[in-house]
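Values in this document were obtained by computation on a predicted structure and should not be read as measured data. Below, chain A is the first sequence line, B the second, and so on; all start at residue 1.
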Protein chains: 2
Amino acid sequence: MLAGWEDIRAEVLRRIRAHDWRPGDTIPTEEALALEFGVARATVNRALRELAEEGVLERRRKAGTRVALHPVRRATLDIPLTRLEIEGRGQAYSYRLLSEEMASPPPAVAARLGLPQGAQMLHLVCLHLADDRPAVLEDRWLNPETLKVQPDFHLVSANEWLLANVPYTTGDISLSAANATADEARLLDLPPGSALFIIDRTTWDRDHPVTCVRLAHVPGFRMRTTV
Amino acid sequence: MLAGWEDIRAEVLRRIRAHDWRPGDTIPTEEALALEFGVARATVNRALRELAEEGVLERRRKAGTRVALHPVRRATLDIPLTRLEIEGRGQAYSYRLLSEEMASPPPAVAARLGLPQGAQMLHLVCLHLADDRPAVLEDRWLNPETLKVQPDFHLVSANEWLLANVPYTTGDISLSAANATADEARLLDLPPGSALFIIDRTTWDRDHPVTCVRLAHVPGFRMRTTV
DNA sequence: CAGTGGTCTAGACCACGCC
DNA sequence: GCGTGGTCTAGACCACTGC
């Protein structure tokens, strides 16, 4: 047999896909499966826990383990640096700072970061290019309190500077689609109204708001994943 | 102390965020941390393994555990049924089958599924509505071999039928943005060229191709997640 | 209350991959 | 080779929750 937890996981998945165990069914307890497969309960636990994290199983103490009825499939997205993403496609990366000024952010941005309406923030607009063609337009608001020293954003993108200096932040991400405004179309060298893939991200360092950024990707951009 | 693996995980994250351990640094071994925290090595292992899965740490046998240098942040997306997603927003869900016919799929679809060029597949076009307004246009190609019995797709959406009858498939997902074609705009009751959020999904049941679907979401649709 | 999963322990062996 | 993480075991106690 020589069963490791990955074998157990595979066998459980096989039984589900083969309709031995159907959505809504309660499957045997960890103890029963451990006995059947001839392994320790911890090994079965590991396998079932992974399947539960993927949304395939639902587990509750005392109630037991069931095959999920409405399998909310969970996919993991990798969110790389723009530079690495472009280089990963085999294209040459370059970067251009378009503007940099202190200003009052739009109310929506201030609200998302939990800052007062009138607060001054550093507003950066920059362009990421792939093989010298515009690929991503970045519109970023930075909380100046997180900038002990102010780097030269002509030389290093805010993205990379933050990663090196305020690493491992938390935050939320939202994905959507939007038609390019006249300005965006001009800067990205696209027809007005082109469909852009938008990544909005708000970032916190523990309880301190750090930045709020909108990345507008030119048509052709895709995010891929596997389930 | 009373440290569980979640406490260990939190403490390690705290040290990273506090710059005690910086990106690229090798952190102490599992054994050393187990000693420091007064827990078994398995407990430390669990904590560090979770952080590695999130992309915060990089682990290699013999080399040890390092704080990731280029933190590819990993976000998990929930991909629910269209119906549940709409109902989850508190809107009334309805569904309309627009067309259903056997036809030859576009070469790109056949290729993605690994089917011969001339193969006949079932082509479905349907509309998902939220509060009686178009929300998602679904364009689906189904491998007829997976349909032992052919359900009435006027009554049950292909999405739900597949979930109940060919559950727990594997596949890949791609997210992108596209301008609505004239047809799409008409069916979704939008101005032509509106930016649509596109989810393309190809699905397999073990080695058998099942379906290839394109879900076009009206503007305003967002996918959210947290890191 | 009693059954189930969630976690911890102490020890062990193994696989990988730097040196 | 040998240090490190990856996993397994057998046993234990606990937390939750359905009955």
Quiz item: Rounded to whole angstrom units, what separation is found between the CG atom of A/Leu57 and the C1' atom of C/dT4?
Solution: 15 Å
Self-check item: Residues which pass side chain to side chain donor-acceptor pair (under 3.5 Å) with B/Ser174, listed by chain and number, not counting sequence neighbours
Solution: A/Arg222
Exercise. Indicate whether OP1 or OP2 belonging to D/dT7 is found under 4.0 Å from a side-chain N or O atom of A/Arg46.
Key: yes
Self-check item: Nearest-angstrom distance from the residue atom CD of B/Glu31 to P of D/dG5
Solution: 9 Å
Quiz prompt | Presence of salt bridge, B/Arg14 and B/Glu11, under 4.0 angstrom | solution = yes
Exercise. Using a 4.0 Å cut-off on protein heavy atoms (strictly under), produce a 5'-to-3' string for nucleotides 9-19 of chain C with B for base contact, S for backbone-only sugar-phosphate contact, and - for none.
Key: B--B--BBBB-
Quiz item: Within this structure, what is the CZ-to-P distance between A/Arg49 and C/dG6, rounded to whole angstrom?
Solution: 8 Å
Practice problem: Please list, chain by chain and in numerical order, all residues satisfying salt bridge (charged side-chain N to carboxylate O under 4.0 Å, His left out) with A/Arg61, sequence neighbours excluded. | Solution: none
Exercise. Determine which pairs satisfy salt bridge (Lys or Arg N to Asp or Glu O under 4.0 Å) with at least one residue from residues 165-176 of chain B, sequence neighbours left out, and list them in order.
Key: none
Quiz item: Would the number of heavy atoms belonging to other residues, nucleotides or ligands and lying under 6.0 Å from CZ of A/Arg60 be above 12?
Solution: no
Quiz prompt | Gap between atoms CD and P, on A/Glu58 and C/dG6 respectively (whole Å) | solution = 13 Å
Practice problem: Could you check how far CH2 of B/Trp5 sits from P of D/dG6, rounded to whole Å? | Solution: 15 Å
Quiz item: Sequence neighbours excluded, which residues qualify as salt bridge (charged side-chain N to carboxylate O under 4.0 Å, His left out) partners of B/Glu160?
Solution: B/Arg83
Exercise. Starting at atom CG of B/Leu33, determine the distance to atom C1' of D/dT4, rounded to an integer number of angstrom.
Key: 13 Å
Self-check item: Closest to the B/Asn45 side chain, choosing from D/dG6, C/dG6, C/dT7
Solution: D/dG6
Quiz item: What is the distance from CG of A/Leu35 to P of D/dC8, rounded to the nearest Å?
Solution: 17 Å
Quiz item: In whole Å, what is the span from the CD atom of A/Glu50 to the P atom of D/dG6?
Solution: 13 Å
Residues 37-46 of chain A, side-chain donor-acceptor partners within the protein, below 3.5 Å, at least two apart:
unit_1, atom_1, unit_2, atom_2, d
A/Arg41, NH1, A/Glu30, OE1, 2.6
A/Asn45, ND2, A/Glu30, OE2, 2.8
A/Arg46, NE, A/Glu50, OE2, 3.1

Quiz item: Between A/Thr65 and C/dT4, does any side-chain N or O lie under 4.0 Å from OP1 or OP2?
Solution: no
Exercise. Using only side-chain N and O atoms of B/Arg59, determine if any of them is under 4.0 Å from OP1 or OP2 of D/dT4.
Key: no
